[in-house]
Amino acid sequence: MKLFLASLALLSGCALPAFQSAERPLGPGEVRSAAEAQETLVVGETTKSDVRAALGPATTVDFASGYEVWVYRQPPVSPAPGAELVLLFDPGGVLAKMRVTPISDPA
């Protein structure tokens, strides 16, 4: 009888649904890790097309001078706060500056 119950317990474990990640899909202008994304970029070398290919579309601000600011947000995941990756591109489309800033959720 014990063998029968043990067999049932093992078989019932196989019937459990596969674990599904609680992570939601990223939206436009979002990255999983702002710090990791920053590590893949090189000031003076990385272009806008390189960034778009690696990180997808960003929230952008264009200036009359030809400079552009691109912003990517890392959503907060408890207990870690979110972060913001800010990229400044020169008029030639090359990364001129970048920074990562922690952000808090305005809840």
Side-chain angles (χ1 to χ4, degrees):
M1 182 63 142
K2 287 183 183 180
L3 182 60
F4 176 74
L5 292 175
S7 298
L8 283 178
L10 286 174
L11 290 175
S12 67
C14 295
L16 294 175
F19 174 76
Q20 293 183 1
S21 173
E23 289 183 3
R24 66 172 178 77
L26 293 176
E30 291 186 334
V31 291
R32 293 251 181 257
S33 170
E36 287 178 16
Q38 181 185 30
E39 289 177 10
T40 66
L41 308 175
V42 179
V43 172
E45 292 181 21
T46 304
T47 65
K48 291 191 293 187
S49 59
D50 295 335
V51 174
R52 191 176 295 114
L55 305 179
T59 301
T60 63
V61 178
D62 299 330
F63 295 95
S65 63
Y67 283 86
E68 285 185 41
V69 172
W70 290 17
V71 180
Y72 291 92
R73 291 180 60 101
Q74 170 191 318
V77 178
S78 186
E84 199 169 63
L85 172 62
V86 180
L87 308 174
L88 175 67
F89 291 95
D90 66 23
V94 177
L95 184 62
K97 290 186 179 184
M98 64 180 161
R99 68 178 165 88
V100 172
T101 305
I103 56 173
S104 60
D105 194 19

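Please read these numbers as outputs of a predicted model, since none were measured by experiment. In this chain, numbering begins with 1 at the start of the sequence shown. All values below come from the heavy atoms of this structure, side chains included, with hydrogens, waters and symmetry mates left out.
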*Is there a donor-acceptor pair closer than 3.5 Å between any side-chain N or O of Y72 and the backbone N or O of G56?*
yes

*Transitive ILVMFWY side-chain link L55 to V100, under 4.5 Å*: yes

Pair up each side-chain donor or acceptor in residues 34-46 with any protein partner under 3.5 Å, not counting sequence neighbours, and list the distances.
residue: T40; atom: OG1; partner: A37; partner atom: O; Å: 2.7
residue: T46; atom: OG1; partner: V42; partner atom: N; Å: 2.7
residue: T46; atom: OG1; partner: V42; partner atom: O; Å: 3.2

*Do L88 and V71 share a hydrophobic cluster, counting only Ile, Leu, Val, Met, Phe, Trp and Tyr and linking them when any side-chain heavy atoms are less than 4.5 Å apart?*
yes

*State, yes or no, whether a side-chain contact exists between D50 and L95 at a heavy-atom distance under 4.5 Å.*
no

Side-chain donor-acceptor contacts of residues 62-69 below 3.5 Å, not counting sequence neighbours, with atom names and distances?
residue: E68; atom: OE1; partner: W70; partner atom: NE1; Å: 2.9
residue: E68; atom: OE2; partner: K48; partner atom: NZ; Å: 2.6

_Pairwise salt bridge (Lys or Arg N to Asp or Glu O under 4.0 Å) hits with a residue in residues 89-102, at least two apart_ = none

*asked:* I need the T101 OG1 to Q74 CD distance, nearest 0.5 Å.
replied: 11.5 Å

*Any idea which heavy atoms bring E84 and R73 closest together, and the distance?*
OE2-NH1, 3.5 Å

